[in-house]
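Residues: numbered from 1 along the sequence shown. Excluded from the calculations below are hydrogen atoms, water molecules and symmetry mates; all remaining heavy atoms, backbone and side chain alike, are included.
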Amino acid sequence: MNIRIRKATPADVPRLREVIEASVRGLQAEDYSPAQIEGALQSVYGVDSQLIADGTYLVGEASETRNAEIVACGGWSKRKTLYGGDQYASREDSLLDPKQDAAKIRAFFVHPKWARRGIGSLILEACENAALEAGFTRLEMGATLSGVAFYRAKGYAEIERQKAPLSNGETLEIVRMAKQWTQD
């Protein structure tokens, strides 16, 4: 198996939607109810075209032969929005100041068939390195309950728990987590 990490393009959006939906349905079912999953897919989870336009959204492609297939995605942002795709109403796309603000780790999804193979870790490392190169010394995210253990293992600490309102009247528990680099 060969894994390649690259920047997402607008042409990837249809496949990204498939990966996101499969990931949510397959990997979050133990942490969220079916109603929460449906509401989140309608109003929170989805492709964030601003990340693609900014060049900060990455895909993991797997190839066992010549044909590479997108099996994971994730990104980082220099904008204020903590989580949510294009359809999420509570977006704030103004730019962050690397000297004062934390870059946002955003929209990580792995297709269930490819979970726990290190692809998410590769994307996270690439995002962290890019944010560091852009001058950020702190990172934060709105993690799903399903992702908390992964991010904790990568050095992120829980700050607070939030309830994101969903379009179907449900709420989705999100864990705000953060990480800071220290100067050596």
A.B. asks: Would you mind telling me which of Tyr45, Trp114, Tyr57, Tyr83 makes a ring pair (Phe, Tyr, Trp, His ring centres under 6.0 Å) with Phe109?
C.D. replies: Tyr45

A.B. asks: In sequence, state the C-alpha distance, the side-chain angles, and the governing distance for Glu140 and Lys104, and then conclude on salt bridge (Lys or Arg N to Asp or Glu O under 4.0 Å).
C.D. replies: CA-CA 5 Å; Glu140 70 176 11; Lys104 310 301 185 220; 2.6 Å; yes

A.B. asks: Verify, without hydrogens or angle tests, whether Arg25 (side chain) and Glu38 (backbone) share a donor-acceptor contact under 3.5 angstrom.
C.D. replies: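 No.
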
A.B. asks: Distance from Cys127 atom SG to Leu58 atom CG, nearest 0.5 Å?
C.D. replies: 4.5 Å

A.B. asks: Could you tell me which non-hydrogen atom of Ile123 sits nearest to which non-hydrogen atom of Gly74, and how far apart they are?
C.D. replies: CG2-O, 3.7 Å

A.B. asks: Please check if atom CD in Glu160 has more than 12 non-hydrogen atoms from other residues, nucleotides or ligands closer than 6.0 Å.
C.D. replies: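 Yes, CD of Glu160 has more than 12 neighbouring heavy atoms, counting only those of other groups under 6.0 Å.
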
A.B. asks: Counting only N and O atoms by type, is there a donor-acceptor contact under 3.5 Å from the side chain of Thr56 to the main-chain atoms of Ser77?
C.D. replies: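 Looks like no, no N/O pair under 3.5 Å.
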
A.B. asks: Please give me the minimum heavy-atom distance between Ala131 and Ala103, naming the atom from each residue.
C.D. replies: CB-CB, 4.0 Å

A.B. asks: Could you go step by step and tell me if Val71 and Ile119 meet the side-chain contact (heavy atoms from CB on, under 4.5 Å) rule?
C.D. replies: CA-CA 9 Å; Val71 298; Ile119 302 168; 3.8 Å; yes

A.B. asks: Donor-acceptor check, side chain of Asp12 to backbone of Thr9, threshold 3.5 angstrom: yes or no?
C.D. replies: yes

A.B. asks: Can you confirm whether more than 12 heavy atoms, excluding those of Lys179, are under 6.0 Å from its NZ atom?
C.D. replies: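 Yes, NZ of Lys179 has more than 12 neighbouring heavy atoms, counting only those of other groups under 6.0 Å.
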
A.B. asks: If you take all heavy atoms of Lys154 and Ser121, which pair is closest and at what distance?
C.D. replies: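 For Lys154 and Ser121, the tightest heavy-atom pair comes out as NZ-OG, 3.0 Å.
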
A.B. asks: Would you say Val24 ends up clustered with Leu27 if hydrophobic residues are merged whenever their side chains have heavy atoms under 4.5 Å apart, either directly or through other cluster members?
C.D. replies: no

A.B. asks: As an exercise, state the distance from CD1 of Ile5 to CG of Leu124, rounded to the nearest 0.5 Å.
C.D. replies: 11.0 Å

A.B. asks: Hey, could you give me the CD1/CZ distance between Ile174 and Arg161, rounded to the nearest 0.5 Å?
C.D. replies: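 Going from CD1 on Ile174 over to CZ on Arg161, the span is 10.5 Å.
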
A.B. asks: Hey, any chance Val110 and Val148 share a hydrophobic cluster, counting ILVMFWY side chains that come within less than 4.5 Å of each other, even indirectly?
C.D. replies: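 Yes, because Val110 and Val148 connect within a single hydrophobic cluster, where side-chain heavy atoms sit under 4.5 Å apart.
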
A.B. asks: Taking all atoms of both residues into account, what is the closest heavy-atom pair of Gly26 and Pro112, and its distance?
C.D. replies: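 Nearest heavy atoms, Gly26 then Pro112: CA-CG, 3.9 Å.
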
A.B. asks: When rounded to the nearest 0.5 angstrom, what distance separates OH in Tyr32 from CD in Glu170?
C.D. replies: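 Spacing of OH (Tyr32) from CD (Glu170) equals 12.5 Å.
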
A.B. asks: Roughly how far, to the nearest 0.5 Å, is CG of Leu51 from NZ of Lys78?
C.D. replies: 10.5 Å

A.B. asks: Just to verify, which of Val175, Leu82, Leu172 counts as forming a side chain to side chain contact (heavy atoms under 4.5 Å, CB included) with Gln162?
C.D. replies: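 Going through Val175, Leu82, Leu172 one by one, the side chain to side chain contact (heavy atoms under 4.5 Å, CB included) with Gln162 is satisfied by Leu82 alone.
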
A.B. asks: Do side-chain atoms of Ser43 reach the backbone of Gly39 as a donor and acceptor pair under 3.5 angstrom?
C.D. replies: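 Yes, Ser43 side chain to Gly39 backbone: donor-acceptor pair under 3.5 Å.
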
A.B. asks: Ile20 and Cys73: which non-hydrogen atoms are nearest, and at how many Å?
C.D. replies: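 It is CG1-SG, 4.2 Å.
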
A.B. asks: Test of understanding: clusters of I, L, V, M, F, W, Y form through side-chain heavy atoms closer than 4.5 Å, transitively. Do Leu96 and Leu139 belong to the same one?
C.D. replies: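 Yes: a chain of side-chain contacts under 4.5 Å links Leu96 to Leu139.
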
A.B. asks: Could you walk me through whether Arg17 and Val47 pass the side-chain contact (heavy atoms from CB on, under 4.5 Å) test, one step at a time?
C.D. replies: CA-CA 7 Å; Arg17 288 186 180 128; Val47 175; 3.9 Å; yes

A.B. asks: Checking side-chain hydrogen bond (donor to acceptor under 3.5 Å, both in side chains) between Arg15 and each of His111, Glu69, Glu61, which is the one that passes?
C.D. replies: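 One option only clears the test, and that one is Glu69.
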
A.B. asks: Please find the pair of heavy atoms, one from Tyr151 and one from Met177, that lie closest to each other, and give the distance.
C.D. replies: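 Closest approach of Tyr151 to Met177, heavy atoms only: CB-SD, 3.9 Å.
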
A.B. asks: Is a side-chain N or O of Arg106 found less than 3.5 angstrom from the main chain of Gly84, in a donor-acceptor match?
C.D. replies: yes

A.B. asks: Rounded to the nearest 0.5 Å, what separates atom CZ in Arg4 from atom CG in Leu122?
C.D. replies: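 It is 13.5 Å, given to the nearest 0.5 Å.
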
A.B. asks: Would a 4.5 Å heavy-atom cut-off, applied to side chains only, mark Met141 and Arg176 as touching?
C.D. replies: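 In short, these two side chains do not touch, never coming nearer than 4.5 Å.
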
